Number of protein chains: 2
Amino acid sequence: MVDTTADSDLLDLRKGRPAAGQDPVKRAQIIEGARRVFIDKGFEAASMNDITREAGVSKGTIYVYFENKEELFEALIEEERGTIFKNMYEVLDHFEDLRKTLVKFGTGLSIKITSAKVIQAQRTVVGAADRIPELGARFYERGPKRGHDRVMVFLDEAVARGLLKIDDVDLAAYQFTELCLAGLFRQCIFSYRTKAPTQAEIEKIVTSGVDVFLKAYGTEKFFAEERASASA
Amino acid sequence: MVDTTADSDLLDLRKGRPAAGQDPVKRAQIIEGARRVFIDKGFEAASMNDITREAGVSKGTIYVYFENKEELFEALIEEERGTIFKNMYEVLDHFEDLRKTLVKFGTGLSIKITSAKVIQAQRTVVGAADRIPELGARFYERGPKRGHDRVMVFLDEAVARGLLKIDDVDLAAYQFTELCLAGLFRQCIFSYRTKAPTQAEIEKIVTSGVDVFLKAYGTEKFFAEERASASA
DNA sequence: AGGAAATCGAACCGAGCGGTTCGAAATATT
DNA sequence: AATATTTCGAACCGCTCGGTTCGATTTCCT
(Lines give C-alpha, C1' and ligand atoms only; values in the text may rest on other atoms or scores of the structure.)
Protein backbone atom coordinates (compact mmCIF):
# COMPACT_ATOMS: atom_id res chain seq x y z
CA MET A 1 0.00 0.00 0.00
CA VAL A 2 1.32 3.37 -1.05
CA ASP A 3 1.42 6.08 1.55
CA THR A 4 0.09 9.09 -0.33
CA THR A 5 -0.09 11.29 2.73
CA ALA A 6 3.64 11.10 3.25
CA ASP A 7 4.27 12.22 -0.33
CA SER A 8 1.91 15.12 -0.04
CA ASP A 9 4.06 16.61 2.65
CA LEU A 10 6.70 17.31 0.04
CA LEU A 11 4.78 17.71 -3.15
CA ASP A 12 1.05 18.11 -3.31
CA LEU A 13 0.67 16.56 -6.70
CA ARG A 14 -2.22 14.28 -5.93
CA LYS A 15 -4.79 14.43 -8.66
CA GLY A 16 -7.31 12.51 -6.66
CA ARG A 17 -9.77 13.52 -4.02
CA PRO A 18 -8.73 16.71 -2.28
CA ALA A 19 -7.80 16.63 1.37
CA ALA A 20 -10.35 17.81 3.88
CA GLY A 21 -10.92 21.51 3.45
CA GLN A 22 -8.90 21.60 0.24
CA ASP A 23 -11.43 21.15 -2.53
CA PRO A 24 -11.56 24.45 -4.41
CA VAL A 25 -14.97 23.62 -5.84
CA LYS A 26 -16.51 23.09 -2.43
CA ARG A 27 -14.76 26.16 -1.16
CA ALA A 28 -16.23 28.23 -3.96
CA GLN A 29 -19.62 26.75 -3.22
CA ILE A 30 -19.41 27.83 0.40
CA ILE A 31 -18.26 31.32 -0.51
CA GLU A 32 -21.05 31.65 -3.04
CA GLY A 33 -23.60 30.84 -0.35
CA ALA A 34 -21.86 33.17 2.06
CA ARG A 35 -21.95 35.94 -0.51
CA ARG A 36 -25.71 35.79 -0.87
CA VAL A 37 -26.32 35.72 2.87
CA PHE A 38 -23.72 38.25 3.99
CA ILE A 39 -24.56 40.71 1.29
CA ASP A 40 -28.25 40.75 1.90
CA LYS A 41 -28.18 40.56 5.69
CA GLY A 42 -24.95 42.21 6.75
CA PHE A 43 -22.24 40.62 8.84
CA GLU A 44 -23.93 40.49 12.22
CA ALA A 45 -27.36 39.46 11.05
CA ALA A 46 -26.09 36.75 8.76
CA SER A 47 -26.09 33.39 10.50
CA MET A 48 -23.93 30.42 9.76
CA ASN A 49 -27.08 28.33 9.51
CA ASP A 50 -28.35 30.61 6.77
CA ILE A 51 -25.10 30.13 4.91
CA THR A 52 -25.27 26.39 5.44
CA ARG A 53 -28.70 26.37 3.84
CA GLU A 54 -27.79 28.74 1.01
CA ALA A 55 -24.58 26.93 0.15
CA GLY A 56 -26.09 23.47 0.34
CA VAL A 57 -23.21 22.38 2.53
CA SER A 58 -23.21 20.98 6.01
CA LYS A 59 -22.16 23.18 8.86
CA GLY A 60 -19.33 20.88 9.85
CA THR A 61 -17.87 21.16 6.37
CA ILE A 62 -17.88 24.93 6.48
CA TYR A 63 -15.88 24.79 9.66
CA VAL A 64 -13.39 22.51 7.98
CA TYR A 65 -12.79 25.12 5.30
CA PHE A 66 -12.96 28.21 7.49
CA GLU A 67 -11.95 28.75 11.10
CA ASN A 68 -14.93 30.89 11.96
CA LYS A 69 -17.50 33.36 10.70
CA GLU A 70 -15.10 36.23 10.52
CA GLU A 71 -12.56 34.35 8.43
CA LEU A 72 -15.24 33.22 6.04
CA PHE A 73 -16.36 36.80 5.62
CA GLU A 74 -12.82 37.92 4.98
CA ALA A 75 -12.38 35.28 2.31
CA LEU A 76 -15.58 36.43 0.65
CA ILE A 77 -14.56 40.07 0.68
CA GLU A 78 -11.18 39.13 -0.69
CA GLU A 79 -12.84 37.46 -3.65
CA GLU A 80 -15.46 40.12 -4.12
CA ARG A 81 -12.85 42.83 -4.19
CA GLY A 82 -11.06 40.96 -6.93
CA THR A 83 -14.08 40.77 -9.18
CA ILE A 84 -15.22 44.32 -8.51
CA PHE A 85 -12.05 45.97 -9.67
CA LYS A 86 -11.25 43.52 -12.43
CA ASN A 87 -10.94 44.92 -15.94
CA MET A 88 -11.55 48.44 -14.69
CA TYR A 89 -8.15 49.84 -15.46
CA GLU A 90 -7.60 48.45 -18.92
CA VAL A 91 -9.00 51.58 -20.48
CA LEU A 92 -6.11 53.52 -18.97
CA ASP A 93 -3.53 51.33 -20.63
CA HIS A 94 -3.71 52.75 -24.11
CA PHE A 95 -3.15 56.43 -24.06
CA GLU A 96 -5.01 58.10 -26.92
CA ASP A 97 -7.47 60.92 -26.53
CA LEU A 98 -7.15 62.29 -22.98
CA ARG A 99 -10.68 63.54 -22.52
CA LYS A 100 -12.25 60.46 -24.02
CA THR A 101 -10.11 58.19 -21.91
CA LEU A 102 -11.00 60.02 -18.73
CA VAL A 103 -14.69 59.90 -19.57
CA LYS A 104 -14.55 56.23 -20.43
CA PHE A 105 -12.67 55.31 -17.30
CA GLY A 106 -14.81 57.54 -15.09
CA THR A 107 -17.98 56.05 -16.48
CA GLY A 108 -16.80 52.52 -15.87
CA LEU A 109 -15.71 53.37 -12.38
CA SER A 110 -18.93 55.12 -11.53
CA ILE A 111 -21.12 52.34 -12.88
CA LYS A 112 -19.20 49.69 -11.00
CA ILE A 113 -19.06 51.46 -7.66
CA THR A 114 -22.72 52.44 -7.64
CA SER A 115 -24.08 49.13 -8.88
CA ALA A 116 -26.53 47.60 -6.45
CA LYS A 117 -24.39 44.56 -5.84
CA VAL A 118 -21.21 46.48 -5.16
CA ILE A 119 -22.94 49.04 -2.98
CA GLN A 120 -24.38 46.30 -0.85
CA ALA A 121 -20.97 44.72 -0.49
CA GLN A 122 -19.48 48.05 0.50
CA ARG A 123 -22.23 48.65 3.03
CA THR A 124 -21.51 45.33 4.60
CA VAL A 125 -17.81 46.11 4.79
CA VAL A 126 -18.45 49.55 6.27
CA GLY A 127 -20.80 48.06 8.82
CA ALA A 128 -18.26 45.44 9.74
CA ALA A 129 -15.45 47.99 9.79
CA ASP A 130 -17.07 49.33 12.90
CA ARG A 131 -15.97 46.25 14.78
CA ILE A 132 -13.16 44.95 12.59
CA PRO A 133 -11.31 48.04 11.36
CA GLU A 134 -8.49 46.06 9.74
CA LEU A 135 -11.01 44.43 7.45
CA GLY A 136 -12.28 47.73 6.12
CA ALA A 137 -8.73 49.00 5.81
CA ARG A 138 -7.68 45.93 3.87
CA PHE A 139 -10.63 46.28 1.55
CA TYR A 140 -9.83 49.91 0.86
CA GLU A 141 -6.16 49.27 0.47
CA ARG A 142 -6.47 46.50 -2.07
CA GLY A 143 -9.49 48.00 -3.81
CA PRO A 144 -10.00 51.75 -4.08
CA LYS A 145 -6.41 52.45 -3.15
CA ARG A 146 -5.08 50.44 -6.08
CA GLY A 147 -7.42 52.25 -8.40
CA HIS A 148 -6.20 55.52 -7.05
CA ASP A 149 -2.60 54.51 -7.67
CA ARG A 150 -3.44 53.49 -11.21
CA VAL A 151 -5.08 56.85 -11.85
CA MET A 152 -2.01 58.61 -10.52
CA VAL A 153 0.20 56.77 -12.98
CA PHE A 154 -2.11 57.81 -15.78
CA LEU A 155 -2.14 61.44 -14.70
CA ASP A 156 1.65 61.39 -14.39
CA GLU A 157 1.81 60.26 -17.97
CA ALA A 158 -0.51 63.04 -19.08
CA VAL A 159 1.63 65.54 -17.22
CA ALA A 160 4.74 64.15 -18.89
CA ARG A 161 3.08 64.67 -22.26
CA GLY A 162 2.39 68.26 -21.38
CA LEU A 163 -1.37 67.79 -21.49
CA LEU A 164 -1.97 68.44 -17.81
CA LYS A 165 -0.32 70.72 -15.30
CA ILE A 166 -0.70 69.33 -11.80
CA ASP A 167 1.11 70.27 -8.61
CA ASP A 168 -0.19 67.48 -6.44
CA VAL A 169 -0.99 64.44 -8.55
CA ASP A 170 -2.10 62.44 -5.55
CA LEU A 171 -4.69 65.02 -4.64
CA ALA A 172 -5.73 65.51 -8.25
CA ALA A 173 -6.38 61.80 -8.60
CA TYR A 174 -8.73 61.92 -5.65
CA GLN A 175 -10.44 64.96 -7.09
CA PHE A 176 -10.94 63.24 -10.40
CA THR A 177 -12.48 60.17 -8.82
CA GLU A 178 -14.78 62.20 -6.63
CA LEU A 179 -15.87 64.36 -9.54
CA CYS A 180 -16.90 61.23 -11.39
CA LEU A 181 -19.08 60.14 -8.51
CA ALA A 182 -20.34 63.58 -7.45
CA GLY A 183 -22.64 62.61 -4.64
CA LEU A 184 -23.65 59.24 -6.01
CA PHE A 185 -21.59 57.19 -3.60
CA ARG A 186 -23.01 58.89 -0.53
CA GLN A 187 -26.55 58.69 -1.83
CA CYS A 188 -26.22 55.03 -2.63
CA ILE A 189 -24.48 53.90 0.51
CA PHE A 190 -27.01 55.63 2.75
CA SER A 191 -29.70 54.01 0.64
CA TYR A 192 -31.13 57.40 -0.19
CA ARG A 193 -31.05 56.02 -3.68
CA THR A 194 -32.56 52.58 -3.69
CA LYS A 195 -31.68 51.94 -7.30
CA ALA A 196 -28.41 52.32 -9.09
CA PRO A 197 -28.14 55.48 -11.19
CA THR A 198 -28.99 55.20 -14.86
CA GLN A 199 -26.37 55.12 -17.55
CA ALA A 200 -27.50 58.53 -18.81
CA GLU A 201 -27.22 60.04 -15.36
CA ILE A 202 -23.72 58.73 -14.90
CA GLU A 203 -22.63 59.91 -18.31
CA LYS A 204 -23.88 63.40 -17.54
CA ILE A 205 -22.04 63.49 -14.24
CA VAL A 206 -18.82 62.08 -15.62
CA THR A 207 -18.81 64.34 -18.66
CA SER A 208 -19.26 67.35 -16.45
CA GLY A 209 -16.70 66.07 -13.96
CA VAL A 210 -14.07 65.55 -16.62
CA ASP A 211 -14.86 69.00 -17.94
CA VAL A 212 -14.25 70.57 -14.54
CA PHE A 213 -11.10 68.55 -14.11
CA LEU A 214 -9.67 69.55 -17.46
CA LYS A 215 -10.57 73.21 -17.03
CA ALA A 216 -8.59 73.13 -13.82
CA TYR A 217 -5.63 71.06 -14.93
CA GLY A 218 -5.58 71.09 -18.75
CA THR A 219 -2.65 72.90 -20.38
CA GLU A 220 -2.74 75.27 -23.28
CA LYS A 221 -1.25 72.49 -25.36
CA PHE A 222 -4.09 70.18 -24.47
CA PHE A 223 -6.79 72.66 -25.41
CA ALA A 224 -4.99 73.59 -28.59
CA GLU A 225 -4.79 69.97 -29.65
CA GLU A 226 -8.40 69.47 -28.82
CA ARG A 227 -9.46 72.45 -30.89
CA ALA A 228 -7.32 71.22 -33.74
CA SER A 229 -8.80 67.73 -33.76
CA ALA A 230 -12.31 69.16 -33.42
CA SER A 231 -11.99 71.26 -36.53
CA ALA A 232 -10.45 68.37 -38.43
CA MET B 1 -59.38 67.03 45.29
CA VAL B 2 -58.35 68.34 41.92
CA ASP B 3 -58.22 65.88 39.10
CA THR B 4 -54.99 66.74 37.34
CA THR B 5 -55.15 63.80 34.98
CA ALA B 6 -58.36 65.02 33.44
CA ASP B 7 -56.85 68.47 32.84
CA SER B 8 -53.78 67.03 31.21
CA ASP B 9 -55.88 65.62 28.47
CA LEU B 10 -56.57 69.15 27.30
CA LEU B 11 -53.57 71.09 28.47
CA ASP B 12 -50.41 69.47 29.71
CA LEU B 13 -49.43 72.29 32.00
CA ARG B 14 -48.48 70.25 35.02
CA LYS B 15 -45.24 71.40 36.48
CA GLY B 16 -44.88 68.39 38.70
CA ARG B 17 -43.61 64.91 38.14
CA PRO B 18 -43.66 63.94 34.47
CA ALA B 19 -45.93 61.14 33.31
CA ALA B 20 -44.37 57.76 32.71
CA GLY B 21 -42.06 57.93 29.74
CA GLN B 22 -42.33 61.71 29.57
CA ASP B 23 -39.40 62.99 31.57
CA PRO B 24 -37.08 64.69 29.10
CA VAL B 25 -34.15 64.38 31.47
CA LYS B 26 -34.49 60.63 31.75
CA ARG B 27 -35.06 60.41 28.04
CA ALA B 28 -31.83 62.27 27.37
CA GLN B 29 -30.06 60.02 29.84
CA ILE B 30 -31.20 56.94 27.96
CA ILE B 31 -30.23 58.38 24.61
CA GLU B 32 -26.83 59.35 25.93
CA GLY B 33 -26.21 55.78 27.03
CA ALA B 34 -27.54 54.49 23.73
CA ARG B 35 -25.21 56.81 21.86
CA ARG B 36 -22.12 55.40 23.51
CA VAL B 37 -23.15 51.81 22.96
CA PHE B 38 -24.58 52.07 19.45
CA ILE B 39 -21.72 54.15 18.16
CA ASP B 40 -18.99 51.92 19.40
CA LYS B 41 -20.64 48.57 18.70
CA GLY B 42 -22.92 49.16 15.75
CA PHE B 43 -26.64 48.50 15.68
CA GLU B 44 -26.68 44.72 15.65
CA ALA B 45 -23.93 44.15 18.16
CA ALA B 46 -25.24 46.70 20.64
CA SER B 47 -27.43 45.04 23.24
CA MET B 48 -30.19 46.60 25.24
CA ASN B 49 -28.50 45.32 28.38
CA ASP B 50 -25.36 47.26 27.45
CA ILE B 51 -27.44 50.39 27.06
CA THR B 52 -29.18 49.73 30.35
CA ARG B 53 -25.78 49.58 32.04
CA GLU B 54 -24.33 52.56 30.22
CA ALA B 55 -27.36 54.76 30.79
CA GLY B 56 -27.77 53.78 34.44
CA VAL B 57 -31.43 53.14 33.81
CA SER B 58 -33.45 50.01 34.27
CA LYS B 59 -34.46 48.02 31.25
CA GLY B 60 -38.13 48.37 32.01
CA THR B 61 -37.80 52.12 32.02
CA ILE B 62 -36.16 52.16 28.61
CA TYR B 63 -39.09 50.23 27.24
CA VAL B 64 -41.44 52.81 28.73
CA TYR B 65 -39.68 55.53 26.76
CA PHE B 66 -39.07 53.61 23.56
CA GLU B 67 -41.06 50.89 21.88
CA ASN B 68 -38.06 48.80 20.90
CA LYS B 69 -34.41 48.80 19.97
CA GLU B 70 -34.98 50.16 16.52
CA GLU B 71 -37.03 53.13 17.69
CA LEU B 72 -34.42 54.00 20.27
CA PHE B 73 -31.77 53.94 17.58
CA GLU B 74 -33.87 56.17 15.36
CA ALA B 75 -34.33 58.67 18.16
CA LEU B 76 -30.59 58.72 18.72
CA ILE B 77 -29.79 59.26 15.06
CA GLU B 78 -32.38 62.00 14.90
CA GLU B 79 -30.61 63.84 17.69
CA GLU B 80 -27.14 63.13 16.40
CA ARG B 81 -28.03 64.45 12.98
CA GLY B 82 -29.23 67.65 14.55
CA THR B 83 -25.98 68.31 16.36
CA ILE B 84 -23.76 67.28 13.46
CA PHE B 85 -25.14 69.78 11.00
CA LYS B 86 -25.79 72.56 13.49
CA ASN B 87 -24.05 75.85 12.82
CA MET B 88 -22.49 74.54 9.66
CA TYR B 89 -24.26 76.78 7.21
CA GLU B 90 -23.97 80.11 8.98
CA VAL B 91 -20.82 80.93 7.05
CA LEU B 92 -22.87 80.91 3.86
CA ASP B 93 -25.28 83.51 5.15
CA HIS B 94 -23.11 86.57 4.72
CA PHE B 95 -21.94 86.85 1.17
CA GLU B 96 -18.59 88.60 1.02
CA ASP B 97 -15.50 87.21 -0.63
CA LEU B 98 -16.54 84.20 -2.73
CA ARG B 99 -13.32 82.24 -2.57
CA LYS B 100 -12.86 82.82 1.14
CA THR B 101 -16.42 81.85 1.87
CA LEU B 102 -16.12 78.63 -0.09
CA VAL B 103 -12.89 77.74 1.65
CA LYS B 104 -14.28 78.51 5.05
CA PHE B 105 -17.45 76.52 4.47
CA GLY B 106 -15.61 73.64 2.84
CA THR B 107 -13.17 73.45 5.71
CA GLY B 108 -15.92 73.36 8.30
CA LEU B 109 -17.81 70.74 6.36
CA SER B 110 -14.77 68.57 5.87
CA ILE B 111 -13.72 68.74 9.50
CA LYS B 112 -17.19 67.86 10.71
CA ILE B 113 -17.81 64.98 8.37
CA THR B 114 -14.45 63.36 8.91
CA SER B 115 -14.34 63.79 12.68
CA ALA B 116 -14.00 60.48 14.49
CA LYS B 117 -17.32 60.83 16.24
CA VAL B 118 -19.30 61.68 13.13
CA ILE B 119 -17.61 59.01 11.05
CA GLN B 120 -18.51 56.39 13.60
CA ALA B 121 -22.09 57.57 13.59
CA GLN B 122 -22.20 57.41 9.82
CA ARG B 123 -20.71 53.94 9.81
CA THR B 124 -23.40 52.79 12.16
CA VAL B 125 -26.10 54.28 9.97
CA VAL B 126 -24.62 52.74 6.84
CA GLY B 127 -24.40 49.38 8.54
CA ALA B 128 -27.98 49.63 9.70
CA ALA B 129 -29.12 50.90 6.29
CA ASP B 130 -28.43 47.42 5.07
CA ARG B 131 -31.44 46.17 6.96
CA ILE B 132 -33.42 49.35 7.50
CA PRO B 133 -33.03 51.36 4.30
CA GLU B 134 -35.55 54.02 5.32
CA LEU B 135 -33.36 54.90 8.26
CA GLY B 136 -30.35 55.60 6.08
CA ALA B 137 -32.52 57.49 3.63
CA ARG B 138 -33.97 59.64 6.39
CA PHE B 139 -30.53 60.39 7.73
CA TYR B 140 -29.29 61.45 4.33
CA GLU B 141 -32.39 63.44 3.55
CA ARG B 142 -32.36 65.51 6.69
CA GLY B 143 -28.58 65.76 6.90
CA PRO B 144 -26.39 65.83 3.81
CA LYS B 145 -29.34 66.62 1.57
CA ARG B 146 -30.15 69.81 3.46
CA GLY B 147 -26.55 70.85 3.27
CA HIS B 148 -26.60 70.24 -0.43
CA ASP B 149 -29.69 72.39 -0.82
CA ARG B 150 -28.10 75.16 1.18
CA VAL B 151 -25.02 75.06 -1.05
CA MET B 152 -27.23 75.26 -4.11
CA VAL B 153 -28.86 78.44 -2.81
CA PHE B 154 -25.44 79.92 -2.23
CA LEU B 155 -24.23 79.01 -5.70
CA ASP B 156 -27.41 80.42 -7.20
CA GLU B 157 -26.64 83.68 -5.52
CA ALA B 158 -23.09 83.69 -6.83
CA VAL B 159 -24.43 83.01 -10.31
CA ALA B 160 -26.90 85.87 -9.94
CA ARG B 161 -24.01 88.16 -9.02
CA GLY B 162 -22.20 87.11 -12.15
CA LEU B 163 -19.33 85.53 -10.24
CA LEU B 164 -20.01 82.00 -11.37
CA LYS B 165 -21.30 80.51 -14.59
CA ILE B 166 -22.98 77.20 -13.94
CA ASP B 167 -25.26 75.17 -16.17
CA ASP B 168 -26.32 72.60 -13.63
CA VAL B 169 -26.21 74.06 -10.14
CA ASP B 170 -27.39 70.86 -8.56
CA LEU B 171 -24.50 68.93 -10.04
CA ALA B 172 -22.03 71.71 -9.31
CA ALA B 173 -23.04 71.68 -5.65
CA TYR B 174 -22.24 67.98 -5.48
CA GLN B 175 -18.95 68.57 -7.22
CA PHE B 176 -18.01 71.28 -4.78
CA THR B 177 -18.76 69.12 -1.77
CA GLU B 178 -16.86 66.18 -3.15
CA LEU B 179 -13.87 68.34 -4.04
CA CYS B 180 -13.72 69.47 -0.42
CA LEU B 181 -13.59 65.90 0.78
CA ALA B 182 -11.46 64.45 -2.03
CA GLY B 183 -11.14 60.89 -0.85
CA LEU B 184 -11.29 61.61 2.86
CA PHE B 185 -14.80 60.33 3.36
CA ARG B 186 -14.11 57.01 1.73
CA GLN B 187 -10.85 56.57 3.58
CA CYS B 188 -12.44 57.36 6.90
CA ILE B 189 -15.57 55.31 6.55
CA PHE B 190 -13.65 52.21 5.50
CA SER B 191 -11.38 52.86 8.47
CA TYR B 192 -8.39 53.03 6.18
CA ARG B 193 -7.70 56.16 8.13
CA THR B 194 -8.02 55.42 11.78
CA LYS B 195 -7.57 59.04 12.80
CA ALA B 196 -9.36 62.11 11.56
CA PRO B 197 -7.33 64.16 9.06
CA THR B 198 -5.33 67.07 10.42
CA GLN B 199 -6.43 70.64 10.04
CA ALA B 200 -3.50 71.32 7.71
CA GLU B 201 -4.40 68.39 5.50
CA ILE B 202 -7.98 69.51 5.22
CA GLU B 203 -7.00 73.07 4.46
CA LYS B 204 -4.73 71.89 1.66
CA ILE B 205 -7.47 69.76 0.16
CA VAL B 206 -10.14 72.41 0.45
CA THR B 207 -7.95 75.18 -0.92
CA SER B 208 -7.12 73.05 -3.91
CA GLY B 209 -10.72 71.93 -4.30
CA VAL B 210 -12.02 75.49 -4.31
CA ASP B 211 -9.33 76.38 -6.80
CA VAL B 212 -10.45 73.64 -9.16
CA PHE B 213 -14.06 74.61 -8.68
CA LEU B 214 -13.44 78.28 -9.42
CA LYS B 215 -11.26 77.55 -12.43
CA ALA B 216 -14.14 75.56 -13.82
CA TYR B 217 -17.02 77.84 -12.90
CA GLY B 218 -15.54 81.28 -12.13
CA THR B 219 -16.46 84.06 -14.55
CA GLU B 220 -14.18 86.67 -16.03
CA LYS B 221 -15.82 89.13 -13.68
CA PHE B 222 -14.91 87.05 -10.68
CA PHE B 223 -11.26 86.73 -11.65
CA ALA B 224 -11.05 90.41 -12.53
CA GLU B 225 -12.41 91.37 -9.12
CA GLU B 226 -10.04 89.00 -7.43
CA ARG B 227 -7.05 90.43 -9.27
CA ALA B 228 -8.21 93.91 -8.40
CA SER B 229 -8.56 93.22 -4.70
CA ALA B 230 -5.23 91.38 -4.68
CA SER B 231 -3.33 94.35 -6.04
CA ALA B 232 -5.13 96.72 -3.68
C1' DA C 1 -15.23 -4.93 -4.64
C1' DG C 2 -13.11 -3.06 -0.74
C1' DG C 3 -11.64 0.49 2.23
C1' DA C 4 -10.01 5.08 3.58
C1' DA C 5 -11.54 9.55 4.00
C1' DA C 6 -14.44 13.63 3.23
C1' DT C 7 -18.96 15.09 3.85
C1' DC C 8 -23.43 15.08 5.72
C1' DG C 9 -27.00 16.13 9.03
C1' DA C 10 -28.93 16.57 13.09
C1' DA C 11 -28.64 17.01 17.77
C1' DC C 12 -26.44 19.57 21.14
C1' DC C 13 -23.81 23.31 24.01
C1' DG C 14 -23.54 27.54 26.62
C1' DA C 15 -24.28 32.14 25.90
C1' DG C 16 -26.57 36.13 24.77
C1' DC C 17 -30.29 38.29 22.61
C1' DG C 18 -34.82 41.47 22.70
C1' DG C 19 -38.46 41.90 25.31
C1' DT C 20 -41.79 41.10 29.50
C1' DT C 21 -43.18 40.80 34.16
C1' DC C 22 -43.76 42.15 38.89
C1' DG C 23 -43.00 43.19 43.58
C1' DA C 24 -39.88 46.42 46.01
C1' DA C 25 -38.09 50.94 46.32
C1' DA C 26 -37.83 55.69 45.40
C1' DT C 27 -39.98 60.08 44.55
C1' DA C 28 -43.10 63.80 44.26
C1' DT C 29 -47.93 65.62 45.26
C1' DT C 30 -51.41 66.36 48.51
C1' DA D 1 -47.61 61.54 56.97
C1' DA D 2 -50.23 59.44 53.45
C1' DT D 3 -50.85 58.53 48.75
C1' DA D 4 -50.01 57.87 43.92
C1' DT D 5 -47.02 56.60 40.41
C1' DT D 6 -42.60 56.23 38.25
C1' DT D 7 -38.56 53.67 38.39
C1' DC D 8 -35.76 49.91 39.77
C1' DG D 9 -33.79 45.35 39.43
C1' DA D 10 -33.72 40.90 38.81
C1' DA D 11 -35.60 36.93 37.22
C1' DC D 12 -37.65 34.98 33.37
C1' DC D 13 -39.37 33.74 28.38
C1' DG D 14 -38.56 31.87 23.93
C1' DC D 15 -35.39 32.09 20.59
C1' DT D 16 -31.19 32.19 17.82
C1' DC D 17 -26.56 32.50 17.70
C1' DG D 18 -21.58 30.51 16.65
C1' DG D 19 -19.48 26.54 17.22
C1' DT D 20 -18.85 21.30 18.34
C1' DT D 21 -19.64 16.51 18.14
C1' DC D 22 -20.36 12.10 16.08
C1' DG D 23 -22.36 8.33 13.75
C1' DA D 24 -24.29 7.59 9.07
C1' DT D 25 -23.46 8.26 4.32
C1' DT D 26 -21.30 9.29 0.20
C1' DT D 27 -17.28 9.66 -2.60
C1' DC D 28 -13.28 8.28 -4.84
C1' DC D 29 -8.82 5.65 -5.03
C1' DT D 30 -6.81 1.25 -5.07
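What you see is a predicted model; the values in this text were computed from it and never measured. Letters A, B, ... are given to chains in the order of the sequence lines, protein chains preceding strands, and every chain is numbered from 1.
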Measure from [atom1] on [X] to [atom2] on [N] and round the result to the nearest Å.
X     : N      : atom1 : atom2 : value
A:R53 : D:dC17 : CZ    : C1'   : 13 Å
B:E70 : C:dG19 : CD    : P     : 9 Å
B:N49 : D:dC12 : CG    : P     : 15 Å
A:D23 : D:dC29 : CG    : P     : 11 Å
B:F66 : C:dG18 : CZ    : P     : 15 Å
B:I51 : C:dG18 : CD1   : P     : 8 Å
A:E44 : C:dG16 : CD    : P     : 15 Å
A:F43 : D:dG18 : CZ    : C1'   : 10 Å

> Closer than 4.0 Å, any side-chain N/O of B:Y63 to the OP1 or OP2 of C:dT21?
Replying inline: no
>> Quick check on D:dT16: is either OP1 or OP2 less than 4.0 Å from any side-chain nitrogen or oxygen of A:S47?
In response: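 No, outside the criterion.
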Between [X] and [Y], do the side chains contain an N or O donor and an N or O acceptor separated by less than 3.5 Å?
X      : Y      : answer
B:T107 : B:E203 : no
A:D50  : A:S47  : yes
A:Y174 : B:E178 : no

> Between the side chain of A:E71 and the main-chain N/O of A:E67, is any donor-acceptor distance below 3.5 Å?
Replying inline: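 Yes; at least one donor-acceptor contact below 3.5 Å.
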> Could a donor-acceptor pair under 3.5 angstrom be found where the side chain of A:K59 meets the base of D:dG19?
Replying inline: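 Check passes, donor-acceptor contact within cut-off.
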> Any N or O donor-acceptor pair linking the side chain of A:K69 to the base of D:dG19 at under 3.5 Å?
Replying inline: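 Result: no qualifying N/O pair found.
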>> Please compare A:G60 and B:Q29 by the position of their nearest nucleotide in DNA chain D and report the one closer to 5'.
In response: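 Nearer the 5' end of the strand: B:Q29.
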>> Using a 4.0 Å heavy-atom cut-off, does A:A46 contact any base of the nucleic acid, only the sugar-phosphate backbone, or nothing at all?
In response: sugar-phosphate
From [options], pick the nucleotide closest to the side chain of [X]?
X     : options               : result
B:M48 : C:dC17, C:dG18, D:dC8 : C:dG18
A:K26 : D:dG18, D:dC8, C:dT7  : C:dT7
A:T61 : C:dC17, C:dT7, D:dT7  : C:dT7
B:S58 : C:dC17, D:dC8, C:dT7  : D:dC8

> Run the side chain to side chain contact (heavy atoms under 4.5 Å, CB included) check on B:F73 and B:T124 step by step: do they pass?
Replying inline: CA-CA 10 Å; B:F73 182 65; B:T124 306; 3.5 Å; yes
